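In what follows, chains are A, B, ... by sequence order, proteins preceding strands, each numbered from 1. A quick note: this is a predicted structure, and the numbers were derived from the prediction, not measured.
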Amino acid sequence: MPKWVPLGADRSLIRVWDEAAIAFNRLSGQTHLLNPVAAEALLLILDKGQSTDELSHALAESIGEEPSAELRQRIGAFVDELAELGLIAEASR
Amino acid sequence: MRVCEYSEADLSARLRGDGLYLRFGPFVLRVHSDVPAITSHLMALYARHEVVTDEPAESSVAVMASRDLKRPWVAEATLQIDRRPVLHPLHRRLAIPMLEWGMNWVVAARSHHYLLIHSATIEKNGRVAVLPASSGSGKSTLCSLLVRAGWRLLSDEFAVIRLDDGMILPMPRAVSLKNHSIAVVKAAFPEATFTVEFTDTIKGTLCFMAAPHQAVERSHDQAPPGLLVFPRYDPETSLVAKSMPRAAAHAHMVAHSMNYGPIGERGFSCVADIIERTPAWAVAYSDVAKVVDWFDAAIAGSAQ
């Protein structure tokens, strides 16, 4: 399963506050507003490459949910969105 | 030396010749003009501003008399930045607003060593209230009324923020007033110097007020941000102040920045650092006395 790795995101350019987070994409120059779960996903990916399944398990534990198929689908959707924004990318094989 | 220490003839000669180098806080602008109204304007509204003789200028701003060959009977003026026209010619009666617009343009377009926010900035007790707001929102009126109540004017147009440490630098210039705010501010400052009113501009009726002497005298006194206020005049609301979440405040600051894009990462970090240590509020108001009291309490740390 492919892993997600940082692309335009950088830990020094993410600020996490109680209600939301902001991330600066140093490749595009855009600033993005993230909800807390999306911010946590991004920070996990910045720590080390994560597959969508690994992210689902880690985030499920964090938010106190079971790692269900529905959760995996939701996380897959916003991970795709983070990739569309250029913050992350699939690691080269 | 200051503008008021020069004779009208000497100022006019400098403006028509090598240029008049004027200091506005951290900026030095070289001003040229062959329009007599500009000389009078500088003498009246920039009397206490420093004329610089030993520093280069950031850019030059020129308002020069011109005539359309097809309508030679119409007296026009052109605005030039670094000797290049930046507007189509306007009627020469608008020479003063053109100069003010030109100075704003130069600062906004050429000052990427600072973060610039389109906002009023005022200081009390050593800390600055930054009021980001769009043109026509009433920020200059509110700013003027707060200055009347004892706040020091840093600028009614820009927050000039040093990227390394977030300190806010004064840039006192003539205060720009529009439409109904003109009468309000004239009533609050009967002793101040105002230009005539310029009608039929794209922004309606304009008028400019000289910055208070104290603001000009203290144009080297920088201060840290202490309050972010996003004001909105609402005739239906006496005063409602809501604490703004930090992510939203960051987004609003960025939306009002003149140069966040060109500055890149440094701008992001600068805004984020300010947001983390500065309370942010959205304030809707129509009661001037109440909003002034609110600002005084807020800068003292006790606002609700």
I'd like to know whether [atom1] of [X] has more than 12 heavy-atom contacts from other residues, nucleotides or ligands below 6.0 angstrom.
| X | atom1 | answer |
| --- | --- | --- |
| A/His57 | NE2 | no |
| B/Glu276 | CD | yes |
| B/Arg84 | CZ | no |
| A/Glu70 | CD | no |
| A/Glu65 | CD | yes |

Side chain / backbone / both / neither for A/Ile22 at chain B, heavy atoms under 4.5 Å: both
Aromatic plane relationship, A/Phe24 with B/Tyr260 - under 30° parallel, 30 to 60° tilted, over 60° perpendicular: perpendicular
Heavy-atom check, side chain of B/Val271 versus side chain of A/Arg15, under 4.5 Å: no
Check: A/Ser12 and B/Glu265 side chains under 4.5 Å, non-hydrogen atoms: no
Point-to-point distance, once rounded to the nearest 0.5 Å, from CZ of B/Phe268 to CD1 of A/Ile14: 8.0 Å
Value rounded to 0.5 Å, distance of NE2 in B/His250 from OG1 in A/Thr31: 6.0 Å
Side chain, backbone, both or neither of B/Ala251 within contact of chain A (heavy atoms, under 4.5 Å): neither
